[in-house]
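Worksheet for the structure shown next.
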Amino acid sequence: MSQYPQWYYNEFKQTGVDYTNSEEIKAYDLHMQKLRDIESESKWLRENLKIKDTDLILEIGTGTGELALKLSVYCRKVVAIDVSKKMVDFAKMKAESQKKTNIHFCNAGFLTYENYGEPFDVIVTQLALHHLPDYWKMIALKRIYGMLKEGGKFYLRDVVFPSLVRNYDIYFDKIITDLKISAGDEIAEETEIHIREEFSTLDWIMEGLLKSAGFCIESVEYDGFMAGYICKK
Ligand SMILES: C[S@@+](CC[C@H](N)C(=O)[O-])C[C@H]1O[C@@H](n2cnc3c(N)ncnc32)[C@H](O)[C@@H]1O
């Protein structure tokens with residue numbers, strides 16, 4: 001971070017759940033494989049973002065690399081980045097063990113990754129942008145816009161809070177109680193940390209940020225506190 005001005009946000013400093021902790025990383029990987037069907041997520045993305053086998057894809061906040069591994073089957077190359085070096089090392093090991101040769105991993109993030117090559121056809125980020133406060137989300141989105149080809153697609157999926165909630169105390173208490181039953185104590189605890197310490201924003205703010213960064217929002221899907229946006233440059 002030394003080449004950045006003093007006021008620049010240090011995205012390498014973890015907020016909320018610590019994804020530089022090896023035990024946390026292994027636990028995260030296991031939970032996600034149990035709770036999510038990443039194969040279906042990648043098929044959905046291929047169809048809805050119209051991913052072609054010649055495409056160059058950037059995934060930001062790749063975590064343990066599951067999505068990058070799956071997307072790499074459908075395209076020419078995936079560049080997968082994350083601010084946690086331990087996450088990147090974990091994902092790299094997985095890719096090597098699966099003999100994947102078209103994924104390039106890099107220890108960088110929304111605010112620091114520099115693309116010196118051709119612009120990307122598709123940029124994807126899931127469950128990562130909420131690590132930045134709103135102003136820095138805007139900078140991240142503008143940087144993403146700048147790295148995309150004209151007509152390129154951007155998919156953002158993240159925790160975004162609905163604005164039409166009468167009582168947020170009741171709303172969040174119910175989320176935690178339901179999660180304890182459906183996903184277990186550990187996930188419920190991580191969600192408490194998320195609400196308390198991370199920077200998930202409200203639906204209307206996220207839509208405003210995307211539009212102000214220059215994107216055309218082609219579709220929005222809200223499912224509880226999860227939101228998915230397909231955007232076009
Ligand atoms: C909840 S995990 C999500 C991982 C993966 N995308 C998934 O869907 O399972 C959040 C990831 O975002 C990374 N992250 C946090 N801040 C970031 C930033 N500013 N730029 C890139 N990645 C970031 C964390 O290190 C962590 O690996």
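Just so we're clear, the structure is a prediction, and the values are computed from it rather than from any experiment.
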Taking C-beta and beyond as the side chain, do [X] and [Y] meet within less than 4.5 Å on heavy atoms?
{"X": "Lys85", "Y": "Phe12", "answer": "no"}
{"X": "Leu49", "Y": "Val124", "answer": "yes"}
{"X": "Asn102", "Y": "Ser72", "answer": "yes"}
{"X": "Phe199", "Y": "Lys137", "answer": "yes"}
{"X": "Val122", "Y": "Leu45", "answer": "no"}
{"X": "Met138", "Y": "Ser212", "answer": "yes"}
{"X": "Leu129", "Y": "Leu141", "answer": "yes"}
{"X": "Met206", "Y": "Leu156", "answer": "yes"}

Verify the neighbour count for atom [atom1] of [X]: are there more than 12 heavy atoms of other residues, nucleotides or ligands below 6.0 Å?
{"X": "Trp44", "atom1": "CH2", "result": "yes"}
{"X": "Glu189", "atom1": "CD", "result": "no"}
{"X": "Lys77", "atom1": "NZ", "result": "no"}

Test side chain to side chain donor-acceptor pair (under 3.5 Å), reference Thr112, set Arg143, Gln3, Glu11, output is Glu11

Between [X] (side chain) and [Y] (backbone), is there a donor-acceptor pair under 3.5 Å?
{"X": "Thr62", "Y": "Glu59", "value": "no"}
{"X": "Ser200", "Y": "Val159", "value": "yes"}
{"X": "Asp55", "Y": "Ile57", "value": "no"}
{"X": "Lys233", "Y": "Glu150", "value": "no"}
{"X": "Arg157", "Y": "Gln126", "value": "no"}
{"X": "Asp158", "Y": "Val160", "value": "no"}
{"X": "His194", "Y": "Glu190", "value": "no"}

Indicate, with yes or no, if [Y] and [X] share a hydrophobic cluster defined by side-chain heavy-atom contacts under 4.5 Å among Ile, Leu, Val, Met, Phe, Trp and Tyr.
{"X": "Ile175", "Y": "Ile170", "answer": "no"}
{"X": "Leu132", "Y": "Trp7", "answer": "yes"}
{"X": "Ile230", "Y": "Met147", "answer": "no"}
{"X": "Ile195", "Y": "Val165", "answer": "yes"}
{"X": "Leu30", "Y": "Ile25", "answer": "no"}

Compare every heavy atom of [Y] with every heavy atom of [X], then report the nearest pair and how far apart it is.
{"X": "Asp82", "Y": "Gly63", "result": "OD2-N, 2.9 Å"}
{"X": "Ile60", "Y": "Gly109", "result": "CG2-C, 4.5 Å"}
{"X": "Asn115", "Y": "Phe120", "result": "ND2-CE1, 3.4 Å"}
{"X": "Gly61", "Y": "Ala128", "result": "CA-CB, 4.0 Å"}
{"X": "Gly224", "Y": "Tyr171", "result": "C-OH, 4.1 Å"}
{"X": "Ala183", "Y": "Leu35", "result": "CB-CD2, 4.2 Å"}

Test side chain to side chain contact (heavy atoms under 4.5 Å, CB included) applied to Phe172 and Thr191, step by step | CA-CA 10 Å; Phe172 285 126; Thr191 308; over 6 Å; no

Subject >> Plane angle bin for Phe161 and Phe225 - parallel if under 30°, tilted between 30 and 60°, otherwise perpendicular >> reply: perpendicular

**Prompt:** Using the ring of each side chain (for Trp, its six-membered ring), is Tyr4 parallel, tilted or perpendicular to Tyr8, with breaks at 30° and 60°?
**Reply:** parallel

Would you give the length of the straight line joining atom [atom1] of [X] to atom [atom2] of [Y], rounded to the nearest 0.5 angstrom?
{"X": "Asn10", "Y": "Trp136", "atom1": "CG", "atom2": "CH2", "answer": "10.5 Å"}
{"X": "Asp121", "Y": "Leu148", "atom1": "CG", "atom2": "CG", "answer": "8.5 Å"}
{"X": "Met32", "Y": "Asp37", "atom1": "CE", "atom2": "CG", "answer": "13.0 Å"}
{"X": "Ser22", "Y": "Met87", "atom1": "OG", "atom2": "CE", "answer": "10.0 Å"}
{"X": "Leu202", "Y": "Ser163", "atom1": "CG", "atom2": "OG", "answer": "6.0 Å"}
{"X": "Ile193", "Y": "Glu198", "atom1": "CD1", "atom2": "CD", "answer": "7.5 Å"}

Quick note, salt bridge (Lys or Arg N to Asp or Glu O under 4.0 Å) partners involving residues 204-229, not counting sequence neighbours, are Lys153-Glu218

Practice prompt. Could you please spell out the steps behind the side chain to side chain contact (heavy atoms under 4.5 Å, CB included) verdict for Asp53 and Tyr74?
Written response: CA-CA 5 Å; Asp53 54 9; Tyr74 304 136; over 6 Å; no

Query raised in the report: Is there a salt bridge (Lys or Arg N to Asp or Glu O under 4.0 Å) between Lys86 and Asp89 once you walk through the steps?
Result: CA-CA 5 Å; Lys86 287 227 169 112; Asp89 291 345; over 6 Å; no

Q. Cut-off 3.5 Å, side chains only: do Thr201 and His130 have a donor facing an acceptor?
A. no

State whether [X] and [Y] are salt-bridged, where the test is any N-O pair (Lys NZ or Arg NE/NH1/NH2 against Asp/Glu carboxylate O) under 4.0 Å.
{"X": "Glu192", "Y": "Arg196", "value": "no"}
{"X": "Asp29", "Y": "Lys26", "value": "no"}
{"X": "Glu66", "Y": "Lys94", "value": "yes"}

- [ ] Show the numbers, then the answer: is there a side chain to side chain contact (heavy atoms under 4.5 Å, CB included) between Leu127 and Met226?
- [x] CA-CA 9 Å; Leu127 302 173; Met226 286 305 303; 3.6 Å; yes

(Q) Is the distance from the ring center of Phe154 to that of Phe215 below 6.0 Å? (A) yes

- request: Please confirm whether Lys92 makes a cation-pi placement over Phe105, using NZ or CZ under 6.0 Å from the six-membered ring centre and within 45° of the ring normal.
  value: no

Applied to residues 172-181, the side-chain hydrogen bond (donor to acceptor under 3.5 Å, both in side chains) test, sequence neighbours excluded, yields Lys174-Asp178

Apply side chain to side chain contact (heavy atoms under 4.5 Å, CB included) to Cys231 and Tyr155, showing your working.
CA-CA 6 Å; Cys231 304; Tyr155 180 68; over 6 Å; no

